[in-house]
Amino acid sequence: MKSKALITLLSDGAVHSGESLATALGVSRTAVWKQIRRAMEEGFRIETIRGRGYQLLSTVDLLDRDDILAELAPETRTGLSLRVLDEVDSTNAEVVRQIANGVDGVPVTIADCQTAGRGRRGRAWSSPRGQNLYLSMGLTFHGGFAVLDGLSLVLGVAVANALEGLGAEGIGLKWPNDIFLPQGKLGGILVELQGELQEGVVQVIAGIGINVHMADAKEVDQPWSSLGGFYPGQSWSRNRIAAAIINAVQDSVRIFAEYGFQEFRAPWQQRDIFAGRSLQARDGTVNGMGCGIDEGGNYLVRTESGTVAVRAGEISLRVSP
Ligand code: BTN
């Protein structure tokens with residue numbers, strides 16, 4: 001974002017004279033006016049008050065690498081390679097590039113906007129500037145692909161824990177790993193695997209998108225929600241949310257690597273939005289009642305002829321019409 005310094009000055013919501021802004025920025029008043037126009041082109045709502053100056057009307061929640069680092073647990077901060085970008089194609093793609101370039105430590109990329117945000121099943125992920133959180137982490141596992149069973153559900157539990165810790169009560173999980181509020185989808189997790197780098201060493205890219213301030217998204221074709229929209233009384237900071245998620249993912253991955261998926265089965269089931277609902281799976285060939293997950297993270301549907309385990313990635317589940 002080119003107008004970051006200006007927006008930081010205006011972010012208190014007070015009226016600032018052109019002269020005081022020019023002094024603070026070390027530029028002329030004409031240059032201030034040009035910056036104001038550019039910020040408005042970037043989507044900020046700024047009012048010009050005749051004879052007094054400029055006032056920012058938009059909610060501003062700027063990403064700040066130092067603020068994120070300050071909120072991380074010391075054991076998480078150590079060994080993290082955190083990049084906070086103004087714009088990127090996809091934070092997942094950026095983490096792949098970080099790894100290819102031999103990044104030192106656990107790569108984490110956060111961006112203010114994505115120009116080619118990716119969702120599951122080849123869908124696009126709406127990624128407007130300044131509104132939401134777009135975060136990806138590179139996670140390394142030992143023991144081959146078999147140790148990853150249930151990982152995407154583990155990440156869902158980690159994100160839910162992080163958001164609840166910040167006051168977002170009642171986060172739901174939609175199998176396998178969508179983050180839900182009663183109004184609709186709040187966020188999603190895209191898990192992408194890289195080949196075995198060495199014998200048994202597997203690299204996972206975990207991409208997490210959370211709707212934070214988004215108030216309008218015509219291109220999203222399903223009911224959605226945002227933290228700001230559902231909990232309007234609370235002030236949501238993307239830096240704090242990012243730090244809480246990084247802390248929670250690192251903690252959860254440590255527990256998962258040591259004890260396996262069993263530690264996450266109950267916390268996942270407590271948030272299961274399909275439990276007790278009438279479901280269809282496998283293109284309507286499986287019909288029954290949602291009844292949680294098995295020890296491998298597969299979703300269980302109780303049908304008239306017995307319980308069927310639906311595998312992650314095999315098919316999407318839907319509530320029966
Ligand atoms: C889904 O379809 O539910 C998964 C959405 C994942 C979106 C996030 S935003 C950060 C990361 N970068 C991407 O391109 N996608 C993921």
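As the structure lists them, so they are numbered: ligands from 1, and atoms in each ligand from 1. Hydrogens, waters and symmetry mates are skipped; everything else that's a heavy atom, side chains included, is used.
Every heavy atom of Arg121 sits 4.0 Å or more from the atoms of ligand 1. By the 4.0 Å heavy-atom criterion, Arg123 is excluded from the residues contacting ligand 1.
Taking 4.0 Å as the cut-off between side-chain N and carboxylate O, Asp89 and Arg118 do not count as a salt-bridged pair. A salt bridge links Arg97 with Glu94; the closest basic N to acidic carboxylate O contact falls under 4.0 Å. Between Arg271 and Glu164 there is a salt bridge, since at least one side-chain N of the basic residue sits less than 4.0 Å from a carboxylate O of the acidic one.
For ligand 1, one of its N or O atoms has an N or O atom of Thr91 under 3.5 Å away. Between Tyr134 and ligand 1, no pair of N/O atoms sits closer than 3.5 Å.
Close contacts of ligand 1 with Asn92, meaning ligand atoms under 4.0 Å from a residue heavy atom, involve 11 (C), 12 (N). Proximity to Arg118 (heavy-atom distance under 4.0 Å) selects the following atoms of ligand 1: 5 (C), 6 (C), 7 (C), 13 (C), 14 (O), 15 (N), 16 (C). Ligand-side atoms of ligand 1 in range of Ser136: 11 (C), 12 (N), range being under 4.0 angstrom from any heavy atom. For ligand 1, the atoms closer than 4.0 angstrom to any heavy atom of Ile189 are 4 (C). For ligand 1, the atoms closer than 4.0 angstrom to any heavy atom of Gly117 are 14 (O). The ligand atoms of ligand 1 that sit less than 4.0 angstrom from a heavy atom of Asp178 are 3 (O). Atoms of ligand 1 lying under 4.0 Å from at least one heavy atom of Leu135, given by number and element, are 10 (C). In summary, the atoms of ligand 1 found under 4.0 Å from a heavy atom of Lys185, numbered by their order in the structure, are 1 (C), 2 (O), 3 (O).
Side-chain atoms of Thr115 and Glu87 include no donor-acceptor pair closer than 3.5 Å. A side-chain donor-acceptor contact under 3.5 Å links His213 and Asp61. Defined by atom type and a distance below 3.5 Å, a donor-acceptor pair is missing between the side-chain atoms of Ser81 and Asp104.
Ring geometry, Phe141 versus Phe256: the interplanar angle exceeds 60°, so the pair is classed perpendicular (tilted spans 30 to 60°).
Among protein heavy atoms, atom 9 (S) of ligand 1 sits closest to Gln114 NE2, 3.5 Å. Among protein heavy atoms, the minimum distance from atom 5 (C) of ligand 1 is reached at Trp125 CE3, 3.3 Å. Counting only heavy atoms of the protein, atom 2 (O) of ligand 1 lies nearest to Arg120 N, 2.7 Å. Protein heavy atom at the shortest distance from atom 8 (C) of ligand 1 is Gly209 N, 3.6 Å.
Pairing each heavy atom of Ala39 with each of Leu6, the nearest pair is CB-CD2, 4.2 Å.
Under a 3.5 Å cut-off, the side chain of Ser58 and the backbone N or O of Val60 do not form any donor-acceptor pair. In this structure, the side chain of Asn298 does not engage the main chain of Ile293 through any donor-acceptor pair within 3.5 Å.
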